[in-house]
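Structure first, then comments.
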Amino acid sequence: MTALAQALPAAFYDRPVLDVSRDLIGCVVSCGGSAGVIVETEAYHHSEPACHAFVGLTPRTGVLFGPPGRAYVYRSYGIHACLNAVSEREGVGAAVLIRALEPISGIEPMRERRGLERLESLCSGPGKLTQALGITLDHNGSSLSKGPVLISEPPPSWREFSVTAGPRVGITKAAELPWRFCIAGNRFLSRPAR
DNA sequence: CATGGGATTGACT
DNA sequence: GTCAATCCCATGC
């Protein structure tokens with residue numbers, strides 16, 4: 001394990017979701033004795049139809065409209081869990097989808113939870129990284145500052161990289177918005193940046 | 001209460 | 001390239 005870094009405060013997420021989405025690149029997600037650096041994110045905002053919050057306040061979207069800095073975890077295609085960081089002022093309805101991590105510690109537990117060996121396959125997708133870190137729907141609504149899922153500032157060796165923006169992956173509505181952010185050329189992206 | 005659609009992944013042609 | 005798995009929940013009757 002690397003030295004414990006400072007978890008980002010809730011105020012970090014209380015900003016425009018595009019800023020939070022870009023600034024989360026390089027930060028560290030940790031859970032279940034494993035951790036990885038965020039190399040790919042997507043922003044979602046209630047004002048556009050690809051966002052779950054677009055339909056308004058329902059039992060499903062309650063966390064999205066809650067205070068910033070909490071985890072919104074939803075089930076995708078009946079099989080996978082996807083991790084989001086709720087952003088913007090309470091009541092707005094916005095979040096950042098964490099799409100890919102570069103594993104940095106607790107690699108063996110990740111391999112066990114994923115049932116795979118290949119490093120590049122452990123966290124290179126939103127459903128993969130939650131499985132690798134042991135993140136489940138039970139974490140929905142939990143604080144990303146207090147855990148058990150934590151997001152911390154970038155490690156010292158991760159302060160220099162270039163972030164590119166492009167269209168989001170796998171959506172049918174508002175697909176033209178360039179709200180996906182990645183580290184250009186990183187080997188651990190869910191798919192290459194365009 | 002019945003229906004349908006995913007912010008995906010992995011296996012297969 | 002195609003496609004099924006599988007379940008939560010929004011929507012409509």
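Since this is a predicted model, take the numbers as computed values, not measurements. Residue numbers begin at 1 in each chain, while the letters A, B, ... track the order of the sequences. Side chains included, hydrogens not; waters and symmetry mates left out as well; all remaining heavy atoms used.
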Q) A:R113 and A:S34: side-chain donor and acceptor closer than 3.5 Å? A) yes
Practice problem: Indicate whether the side chain of A:T41 and that of A:S21 have a donor and an acceptor atom separated by less than 3.5 Å. | Solution: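 Per modelled atom types, A:T41 and A:S21 side chains form a pair under 3.5 Å.
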The contact string for nucleotides 3-13 of chain B, one letter per nucleotide 5' to 3', using protein heavy atoms under 4.0 Å with B, S and - for base, sugar-phosphate only and none, comes out as ---BBBSS---
What's the CZ-C1' distance between A:R191 and C:dG1, to the nearest Å?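 Rounding to the nearest Å, CZ of A:R191 and C1' of C:dG1 are 13 Å apart.
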Discussion item. If you define the side chain from C-beta out and look only at heavy atoms, does anything of A:L133 sit under 4.5 Å from A:M110?
Written reply: yes
| Validation row: A:S47, A:F54 side chains within 4.5 angstrom (heavy atoms) |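 No, too far: nothing below the 4.5 Å cut-off.
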Before we go on, tell me: are the rings of A:H52 and A:Y44 under 6.0 Å apart, centre to centre?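 No, the ring centres sit 6.0 Å or more apart.
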Quiz prompt | Non-hydrogen atoms of A:S145 and A:L150 that approach each other most closely | solution =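 Heavy atoms only, the tightest pair is O-CD2, 3.4 Å.
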side-chain contact (heavy atoms from CB on, under 4.5 Å) involving A:R114 - partner list, sequence neighbours excluded
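Partners of A:R114 by the side-chain contact (heavy atoms from CB on, under 4.5 Å) criterion, ordered by chain and then number, come out as A:L116, A:L122, A:K128, A:Q131, A:A132.
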Writing each nucleotide of DNA chain B 5' to 3' as (, ), [, ], | or . by Watson-Crick or G-U pairing under 3.5 Å yields ||||||.|||||.
A:R75 side-chain N/O to A:I79 backbone N/O, donor-acceptor pair under 3.5 Å:
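Indeed, once roles are kept as given, a pair shorter than 3.5 Å links the two residues.
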